[in-house]
Amino acid sequence: QVQLVESGGGLVQAGGSLRLSCAASGRTFSSYAMGWFRQAPGKEREFVAQINWSGGAIYYADSVKGRFTISRDNAKNTVYLQMNSLKPEDTAVYYCGSRPSAVSAKFDSWGQGTQVTVSS
């Protein structure tokens, strides 16, 4: 089992930036990739970005492409989400998930989430 802890959320003005961190521990060797998801009040959980540990498989949701950048530090077992040009619609709880398989695009581990609030 992979244990995940998100951090870095907060309150920012529209147009500002935040960097989220997701620290992985436990059975990290069972993780193929890490992903960021978000959930706004009254909405379903939404995919944001994903990166595998070798860095060769990076994907972004259209809504964040060009504004967000996902990266990882293998030595620290940590994944980051750099968020620039933030908009009020980016307001949500952001979750980090672990994807165990290179074949099946399923994320089966989650952290507790970190709140991101963007004011207009």
Side-chain angles (χ1 to χ4, degrees):
Q1 184 177 357
V2 178
Q3 299 171 6
L4 306 173
V5 179
E6 301 96 337
S7 62
L11 174 64
V12 297
Q13 297 288 326
S17 299
L18 281 175
R19 189 174 82 152
L20 306 183
S21 298
C22 175
S25 61
R27 299 181 181 272
T28 57
F29 53 83
S30 66
S31 178
Y32 162 73
M34 303 291 287
W36 286 99
F37 294 73
R38 66 187 183 186
Q39 187 168 24
K43 295 186 177 181
E44 296 181 350
R45 186 169 294 189
E46 173 191 24
F47 170 79
V48 176
Q50 180 235 108
I51 185 171
N52 68 333
W53 290 105
S54 63
I58 301 175
Y59 304 97
Y60 295 99
D62 289 340
S63 60
V64 306
K65 195 172 299 182
R67 299 188 298 120
F68 292 9
T69 302
I70 189 170
S71 61
R72 82 283 185 274
D73 187 333
N74 292 29
K76 297 181 179 180
N77 293 316
T78 301
V79 176
Y80 306 95
L81 185 68
Q82 179 66 48
M83 305 184 294
N84 299 326
S85 302
L86 283 163
K87 305 174 181 179
E89 49 263 47
D90 294 318
T91 296
V93 177
Y94 283 70
Y95 297 91
C96 179
S98 177
R99 172 180 169 178
S101 175
V103 177
S104 178
K106 179 183 178 182
F107 293 81
D108 61 1
S109 298
W110 305 96
Q112 293 298 304
T114 184
Q115 175 70 233
V116 172
T117 302
V118 184
S119 62
S120 59

Problem set entry | From OG (Ser7) to CZ (Arg19), nearest 0.5 Å | 9.5 Å
For this session: Could you identify which residues cluster with Met34, counting Ile, Leu, Val, Met, Phe, Trp and Tyr as linked when any side-chain heavy atoms lie under 4.5 Å apart, either directly or through a chain of such contacts?
Result: Val2, Leu4, Val12, Leu18, Leu20, Trp36, Val48, Ile51, Trp53, Ile58, Tyr60, Val64, Phe68, Ile70, Val79, Leu81, Met83, Leu86, Tyr94, Val116, Val118
Problem set entry | Distance (rounded to the nearest 0.5 Å) between Cys22 SG and Tyr80 OH | 10.5 Å
For this session: Check side-chain hydrogen bond (donor to acceptor under 3.5 Å, both in side chains) between Ser119 and all other residues, then give those that pass, not counting sequence neighbours.
Result: Gln13
For this session: Write out all pairs satisfying ring-ring contact (aromatic ring centres under 6.0 Å, His included) with one or both partners inside residues 3-25, taking only residues at least two apart or from two chains.
Result: none
For this session: May I have all residue pairs that pass side chain to side chain donor-acceptor pair (under 3.5 Å) and include part of residues 66-78, sequence neighbours excluded?
Result: Arg67-Asp90
Problem set entry | With Arg45 via side-chain contact (heavy atoms from CB on, under 4.5 Å) - residues at least two apart | Phe37, Gln39, Tyr95, Trp110
Problem set entry | Side chain Arg99, main chain Ser101, donor-acceptor under 3.5 Å | yes
Problem set entry | Listed once per pair and sorted, the ring-ring contact (aromatic ring centres under 6.0 Å, His included) pairs that draw on residues 3-25, sequence neighbours left out | none
Exercise. Among all residues two or more places apart in sequence or in another chain, which pass the side-chain hydrogen bond (donor to acceptor under 3.5 Å, both in side chains) test with Lys65?
Worked result: Asp62
Exercise. What heavy-atom pair brings Glu46 and Ser63 nearest, and what distance separates the two atoms?
Worked result: OE2-OG, 3.5 Å
Exercise. For Ser120, what residues pass the side-chain contact (heavy atoms from CB on, under 4.5 Å) criterion, not counting sequence neighbours?
Worked result: Pro88
Exercise. What residues form a side-chain hydrogen bond (donor to acceptor under 3.5 Å, both in side chains) with Ser17, not counting sequence neighbours?
Worked result: Asn84
Exercise. Can you name the side-chain contact (heavy atoms from CB on, under 4.5 Å) partners of Ala57, sequence neighbours left out?
Worked result: Tyr32, Gln50, Asn52, Tyr59
Seminar exercise, completed: To the nearest 0.5 Å, atom CD of Gln1 lies from atom CG of Asp108 at 9.0 Å
Seminar exercise, completed: Residues at least two apart in sequence or cross-chain that pass side-chain contact (heavy atoms from CB on, under 4.5 Å) with Gln3, listed by chain then number, are Ser25
Exercise. Is the side chain of Glu6 donor-acceptor paired with the backbone N or O of Gln112 at a distance under 3.5 Å, no angle test?
Worked result: yes
Seminar exercise, completed: Separation between CG (Leu11) and CD (Gln115), nearest 0.5 Å, reads 9.5 Å
For this session: Not counting sequence neighbours, which residues clear salt bridge (charged side-chain N to carboxylate O under 4.0 Å, His left out) with Glu89? List them please.
Result: none
